[in-house]
Amino acid sequence: MNPMLIAQLVLMIGVFYFLIIMPKNKKIKLEKQFLTDLKTGDKIITIAGIHGKVSEIAETTIVMETMSGKLKIEKSSISAEMSLKLNEKK
């Protein structure tokens, strides 16, 4: 096999890893950390765009207080990226 071809293949795999896989893993780690650090009183935004404040936390669900009442939602439906941006504006 041509050594130049092998070098190009290794370079392509390296670029693929650093541009696609590494940022995705970093985002997943950030989201997990956000959900574990979540506490009552934190302002959050769901993936659907609903704004509210955390009033109760269970293992997989959260009771969220909105202007129209309380909603019980799954933790996985919280947008960590949008919620972090909301809390930075303080």
Side-chain angles (χ1 to χ4, degrees):
M1 209 172 201
N2 188 351
M4 192 64 162
L5 181 65
I6 293 173
Q8 288 176 344
L9 187 60
V10 168
L11 182 64
M12 242 179 18
I13 292 171
V15 168
F16 180 75
Y17 176 79
F18 284 107
L19 292 179
I20 297 174
I21 297 172
M22 202 165 114
K24 182 73 171 173
N25 288 342
K26 188 176 181 180
K27 184 176 180 182
I28 290 170
K29 186 177 177 182
L30 175 74
E31 288 175 357
K32 283 183 183 180
Q33 185 65 38
F34 174 77
L35 291 177
T36 57
D37 292 345
L38 206 57
K39 58 189 179 302
T40 57
D42 286 349
K43 293 181 180 179
I44 57 172
I45 301 175
T46 65
I47 293 171
I50 301 170
H51 292 240
K53 190 187 298 186
V54 177
S55 61
E56 296 176 31
I57 300 175
E59 190 172 324
T60 59
T61 60
I62 288 179
V63 176
M64 177 175 130
E65 189 175 331
T66 63
M67 292 180 75
S68 62
K70 292 186 177 184
L71 301 171
K72 186 173 186 175
I73 62 170
E74 291 291 321
K75 279 186 177 180
S76 60
S77 68
I78 297 171
S79 172
E81 184 179 346
M82 296 294 289
S83 297
L84 288 171
K85 285 181 183 177
L86 175 70
N87 291 320
E88 283 178 1
K89 290 181 182 178
K90 289 181 180 179

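Basis for what follows: all heavy atoms, side chains included, without hydrogens, waters or symmetry-related copies. Keep in mind the model is a prediction, meaning the values are calculated, not measured.
Formation of a donor-acceptor pair under 3.5 Å by the T61 side chain with backbone atoms of A58 is not found in this model. For the pair S55 (side chain) and V63 (backbone), a donor-acceptor distance under 3.5 Å is present. A donor-acceptor contact shorter than 3.5 Å is absent between the side chain of T40 and the backbone of E56.
Scanning for side chain to side chain donor-acceptor pair (under 3.5 Å) contacts around E81 gives an empty result, with sequence neighbours left out. Judged as a side-chain contact (heavy atoms from CB on, under 4.5 Å), and not counting sequence neighbours, K53 has no contacts. By the side-chain contact (heavy atoms from CB on, under 4.5 Å) test, L9 is found to be paired with M12, I13, residues two or more places apart in sequence or in another chain being considered. Taking the salt bridge (Lys or Arg N to Asp or Glu O under 4.0 Å) definition, one finds that K39 meets it with D42, sequence neighbours left out. When the side-chain contact (heavy atoms from CB on, under 4.5 Å) test is applied to T66, the partners found at least two apart in sequence or on another chain are I50, M64, S68, L71.
I78 and M82 are not part of a single hydrophobic cluster, where members link through side-chain heavy atoms under 4.5 Å apart.
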N/O donor to acceptor pairs below 3.5 angstrom from side-chain atoms of residues 21-37, sequence neighbours left out:
residue, atom, partner, partner atom, Å
Q33, NE2, D37, OD1, 3.1
Q33, NE2, D37, OD2, 2.9
T36, OG1, K32, O, 3.3
T36, OG1, Q33, O, 2.9

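Remark: T60 OG1 to K75 NZ distance equals 7.5 Å, nearest 0.5 Å. Rounded to the nearest 0.5 angstrom, I73 CD1 and T46 OG1 are separated by 6.0 Å.
The minimum heavy-atom distance between N87 and K43, with the atom names listed, is ND2-O, 3.3 Å. The two residues S83 and I44 have their closest heavy-atom pair at OG-CA, 3.4 Å.
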